[in-house]
Amino acid sequence: MLRALTEHSWLHLAGHTQPDPERPLHTGIVLSDGPLTVLDLADRRLEGAQLAYLSACMTTLGSGRLIDEALHLSAVLQLVGYRHVVATQWHIEDRYAAQMAEAVYSRLSRSGELDADSAARALHETLDELRERAHPVDWAAYVHRGP
């Protein structure tokens with residue numbers, strides 16, 4: 001998995017978050033070949049990394065023990081080089097996670113490139129659309145980190 005990060009400018013991770021409040025560096029997302037943790041990513045520097053989309057619960061959740069530090073999956077992905085990170089603040093429903101990803105990517109593919117605000121705009125427009133037909137708990141967890 002780590003080698004693949006250097007070969008692609010976009011990253012999409014769908015899975016389950018494995019939080020470790022006692023050891024925040026071991027917080028990760030469970031993938032088919034094991035967890036990908038903050039510690040696994042922390043020393044990477046990814047040239048050309050553009051978009052990381054985290055389709056999993058609580059990917060912006062930090063440690064309650066280190067309340068003055070923002071150490072979580074979305075922050076570390078931004079630190080290693082991803083200019084745009086779409087992440088979640090709390091639990092998300094699978095059915096809306098798939099709809100969100102499909103709608104965001106559809107909007108991004110129509111724009112043709114990932115400029116300074118296209119990822120944030122694509123997420124915002126998708127949230128506006130979902131806001132009309134779903135409960136806030138189903139869409140309000142999503143955030144964009146980046147310029």
Side-chain angles (χ1 to χ4, degrees), residues 1-2 4-5 8-42 44 46 49-147:
M1 172 64 189
L2 292 173
L5 296 177
H8 305 280
S9 61
W10 287 26
L11 169 68
H12 182 94
L13 295 176
H16 297 282
T17 306
Q18 184 177 36
D20 192 335
E22 297 299 314
R23 301 176 310 158
L25 290 176
H26 295 274
T27 292
I29 186 167
V30 179
L31 304 175
S32 62
D33 58 351
L36 178 65
T37 67
V38 168
L39 188 58
D40 294 331
L41 295 164
R44 308 278 174 204
L46 301 174
Q50 293 182 10
L51 173 68
Y53 192 111
L54 302 175
S55 188
C57 299
M58 303 179 299
T59 53
T60 61
L61 182 66
S63 167
R65 296 181 68 213
L66 301 172
I67 58 174
D68 61 338
E69 295 188 26
L71 188 58
H72 44 71
L73 285 171
S74 64
V76 77
L77 284 168
Q78 203 169 20
L79 289 173
V80 302
Y82 287 95
R83 295 186 61 223
H84 303 274
V85 179
V86 174
T88 60
Q89 299 180 85
W90 55 77
H91 291 281
I92 57 173
E93 293 288 330
D94 288 345
R95 63 187 170 139
Y96 288 115
Q99 290 176 18
M100 287 291 299
E102 182 179 350
V104 168
Y105 287 131
S106 175
R107 284 179 168 82
L108 287 173
S109 67
R110 282 194 301 255
S111 72
E113 63 182 59
L114 191 62
D115 60 24
D117 67 344
S118 56
R121 187 174 48 251
L123 179 62
H124 175 77
E125 290 171 1
T126 301
L127 291 173
D128 270 351
E129 182 180 292
L130 194 55
R131 186 178 292 129
E132 295 177 14
R133 66 179 197 276
H135 191 276
V137 75
D138 297 323
W139 54 263
Y142 291 87
V143 295
H144 170 267
R145 297 176 56 92

For [X] and [Y], work out which heavy atoms get closest and say how close.
{"X": "Gly15", "Y": "Ala56", "value": "O-CB, 3.3 Å"}
{"X": "Val76", "Y": "Ala42", "value": "CG2-CA, 3.8 Å"}
{"X": "Leu77", "Y": "Ala52", "value": "CD1-CB, 4.0 Å"}
{"X": "Ala97", "Y": "Ile92", "value": "CB-CD1, 3.8 Å"}

Exercise for review: Sequence neighbours left out, what passes ring-ring contact (aromatic ring centres under 6.0 Å, His included) with Tyr53? Give chain and number order.
Suggested key: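 Only His12, Tyr105 meet the ring-ring contact (aromatic ring centres under 6.0 Å, His included) criterion with Tyr53.
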
Point to revise | side-chain contact (heavy atoms from CB on, under 4.5 Å) partners of Asp94, counting only residues at least two apart | key: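 By the side-chain contact (heavy atoms from CB on, under 4.5 Å) rule, Asp94 matches no residue at all.
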
Check your understanding: By side-chain contact (heavy atoms from CB on, under 4.5 Å), which residues pair with His16, not counting sequence neighbours?
Key ->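 Partners of His16 under the side-chain contact (heavy atoms from CB on, under 4.5 Å) test: none.
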
Review point. Salt bridge (charged side-chain N to carboxylate O under 4.0 Å, His left out) with Arg44: which residues, sequence neighbours excluded?
Key: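 If we apply the salt bridge (charged side-chain N to carboxylate O under 4.0 Å, His left out) test to Arg44, skipping adjacent residues, there are no hits.
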
Point to revise | With Glu125 via salt bridge (charged side-chain N to carboxylate O under 4.0 Å, His left out) - residues at least two apart | key: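 Scan of Glu125 (salt bridge (charged side-chain N to carboxylate O under 4.0 Å, His left out), adjacent residues dropped) gives Arg107.
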
Value rounded to 0.5 Å, distance of [atom1] in [X] from [atom2] in [Y]:
{"X": "Tyr82", "Y": "Leu11", "atom1": "OH", "atom2": "CG", "answer": "4.5 Å"}
{"X": "Gln89", "Y": "Thr60", "atom1": "CD", "atom2": "OG1", "answer": "4.5 Å"}
{"X": "Ser118", "Y": "Leu123", "atom1": "OG", "atom2": "CG", "answer": "11.5 Å"}
{"X": "His84", "Y": "Asp117", "atom1": "NE2", "atom2": "CG", "answer": "8.0 Å"}
{"X": "Leu5", "Y": "Leu13", "atom1": "CG", "atom2": "CG", "answer": "7.5 Å"}
{"X": "Ser9", "Y": "Arg83", "atom1": "OG", "atom2": "CZ", "answer": "11.5 Å"}

Which pairs of donor and acceptor atoms, one on a side chain in residues 134-141, lie under 3.5 Å apart (sequence neighbours left out)?
from: His135; atom 1: ND1; to: Val137; atom 2: N; distance (Å): 3.1
from: Trp139; atom 1: NE1; to: Ala134; atom 2: O; distance (Å): 3.4
from: Trp139; atom 1: NE1; to: His135; atom 2: O; distance (Å): 3.4

[X]: side-chain hydrogen bond (donor to acceptor under 3.5 Å, both in side chains) partners, not counting sequence neighbours:
{"X": "Glu93", "result": "none"}
{"X": "Arg95", "result": "none"}
{"X": "Trp10", "result": "Gln50"}
{"X": "Gln78", "result": "Arg145"}

Exercise for review: Any chance you could lay out the side-chain contact (heavy atoms from CB on, under 4.5 Å) test for Val143 and Val85, step after step, and finish with the verdict?
Suggested key: CA-CA 8 Å; Val143 295; Val85 179; over 6 Å; no

**Study point:** Side-chain heavy-atom pair Ser55, Met100 within 4.5 angstrom cut-off
**Key:**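 No, their side chains stay 4.5 Å or more apart.
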
Exercise for review: For the residue pair Val38 and Leu73, establish whether any side-chain heavy-atom pair is separated by less than 4.5 Å.
Suggested key: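 In contact.
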
Return a table of donor-acceptor pairs under 3.5 angstrom between the side chains of residues 25-36 and protein atoms on other chains or two or more places apart.
from: Thr27; atom 1: OG1; to: Asp20; atom 2: N; distance (Å): 3.0
from: Thr27; atom 1: OG1; to: Pro24; atom 2: O; distance (Å): 3.4

Check your understanding: Under 3.5 Å, side chain of Thr126 to main-chain N/O of Ala122, donor-acceptor pair present?
Key ->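 Yes.
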
Point to revise | Given Leu54, Thr88, Thr59, the one that forms side-chain contact (heavy atoms from CB on, under 4.5 Å) with Thr17 | key: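 Of the listed options, the one satisfying the test is Thr59.
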
